[in-house]
Amino acid sequence: MADVHEPEIRSYNMSRIKGKDTKPEMLVRKFLHAHGFRFKLHDKMLPGKPDIVLPKYNTIVQVHGCFWHGHEGCKYYVVPKTRTQWWLDKINADRQKDKDHERENEKYIS
């Protein structure tokens, strides 16, 4: 099935999707800061640039969106009805990248 938008419109729409400073991420950061935790954001030295790094505790926090990371059993994760196979391939690739980054980060955070 062809895309319903022209390439320029699709590009604009996708550029509006935030990857950093999302509402869930901001909530977690505010909670941590209010409880005295100090952290680094999106540390480029670690694989996958984790959302939050707590160096004092050798801990990282990833705030993954339900749609993009396909959380099993989550009521917010719904496979789109159009281009279903393309979306499943993309979400499965995201899941695999998450696992790879988690495995790589275990070397640094242990």
Side-chain angles (χ1 to χ4, degrees):
M1 173 180 245
D3 196 352
V4 295
H5 295 293
E6 296 296 320
E8 297 81 24
I9 294 171
R10 174 62 59 210
S11 178
Y12 174 77
N13 290 348
M14 294 302 285
S15 74
R16 300 290 93 181
I17 298 171
K18 293 171 66 171
K20 295 180 180 177
D21 301 331
T22 61
K23 286 182 185 179
E25 187 179 326
M26 296 301 289
L27 282 171
V28 171
R29 285 164 40 182
K30 285 180 183 180
F31 175 86
L32 289 172
H33 194 271
H35 286 82
F37 293 96
R38 299 303 178 251
F39 48 84
K40 295 167 61 174
L41 299 176
H42 312 290
D43 189 352
K44 293 177 181 142
M45 300 302 290
L46 295 173
K49 294 187 270 182
D51 297 326
I52 300 169
V53 179
L54 300 160
K56 181 178 178 180
Y57 302 99
N58 284 340
T59 302
I60 64 170
V61 178
Q62 291 281 34
V63 183
H64 288 183
C66 298
F67 177 75
W68 299 105
H69 298 272
H71 299 140
E72 292 295 328
C74 179
K75 67 179 182 177
Y76 300 111
Y77 170 61
V78 178
V79 179
K81 295 191 183 346
T82 58
R83 301 179 65 199
T84 304
Q85 191 56 49
W86 185 88
W87 279 108
L88 287 173
D89 292 343
K90 179 180 183 2
I91 291 167
N92 287 331
D94 287 346
R95 286 178 177 164
Q96 186 59 47
K97 279 190 252 176
D98 293 343
K99 287 178 188 174
D100 294 343
H101 291 151
E102 186 176 322
R103 200 173 312 112
E104 291 174 35
N105 281 324
E106 285 177 0
K107 297 173 192 170
Y108 297 98
I109 309 293
S110 57

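Given the structure is predicted, the values throughout are model-derived calculations rather than measurements.
- When every heavy atom of P50 is checked against every heavy atom of L46, the shortest pair comes out as CD-CB, 3.6 Å.
- Shortest non-hydrogen contact noted between D51 and V63 is OD2-N, 2.6 Å.
- Judged by distance alone, the side chain of S11 and the main-chain N or O of E8 form no donor-acceptor pair under 3.5 Å.
- Using bins of under 30°, 30° to 60° and over 60° for the plane-to-plane angle, the ring pair F39/H33 lands in the perpendicular bin.
- The NZ atom of K90 lies 4.0 Å from the CG atom of D94; values are rounded to the nearest 0.5 Å.
- Annotation: Q96, atom CD; neighbour count of heavy atoms from other residues, nucleotides and ligands within 6.0 Å is above 12.
- Under the 4.5 Å side-chain heavy-atom criterion for Ile, Leu, Val, Met, Phe, Trp and Tyr, F67 and M14 are members of the same hydrophobic cluster.
- If you chain together hydrophobic residues whose side chains sit under 4.5 Å apart, V61 and L41 fall into the same group.
- No single ILVMFWY cluster, assembled from side-chain heavy atoms under 4.5 Å apart, contains both M45 and I60.
- Smallest separation of non-hydrogen atoms from Y76 and C66: CB-CB, 3.8 Å.
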Query - salt bridge (Lys or Arg N to Asp or Glu O under 4.0 Å) assessment of R103 paired with D100 - result: CA-CA 5 Å; R103 200 173 312 112; D100 294 343; 3.3 Å; yes
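- Following chains of ILVMFWY side-chain contacts shorter than 4.5 Å, one can reach W87 starting from I17, so the two form part of one hydrophobic cluster.
- Here the closest heavy-atom approach between residue K40 and residue P55 is recorded as CD-CG, 3.7 Å.
- Note: H71 and H64 have parallel aromatic rings, judged against thresholds of 30 and 60 degrees for the angle between ring planes.
- The distance from atom OG1 of T22 to atom CG of L27, rounded to the nearest 0.5 Å, is 8.5 Å.
- Sparse packing is recorded around CD of E102, with 12 or fewer heavy atoms of other residues, nucleotides or ligands lying under 6.0 Å away.
- Here the closest heavy-atom approach between residue I91 and residue H69 is recorded as CG2-C, 4.1 Å.
- Rounded to the nearest 0.5 angstrom, L54 CG and L32 CG are separated by 6.0 Å.
- The aromatic rings of H35 and F31 lie tilted to each other, with the angle between the two planes from 30° to 60°.
- Heavy-atom minimum distance, D21 versus E25: N-OE1, 3.6 Å.
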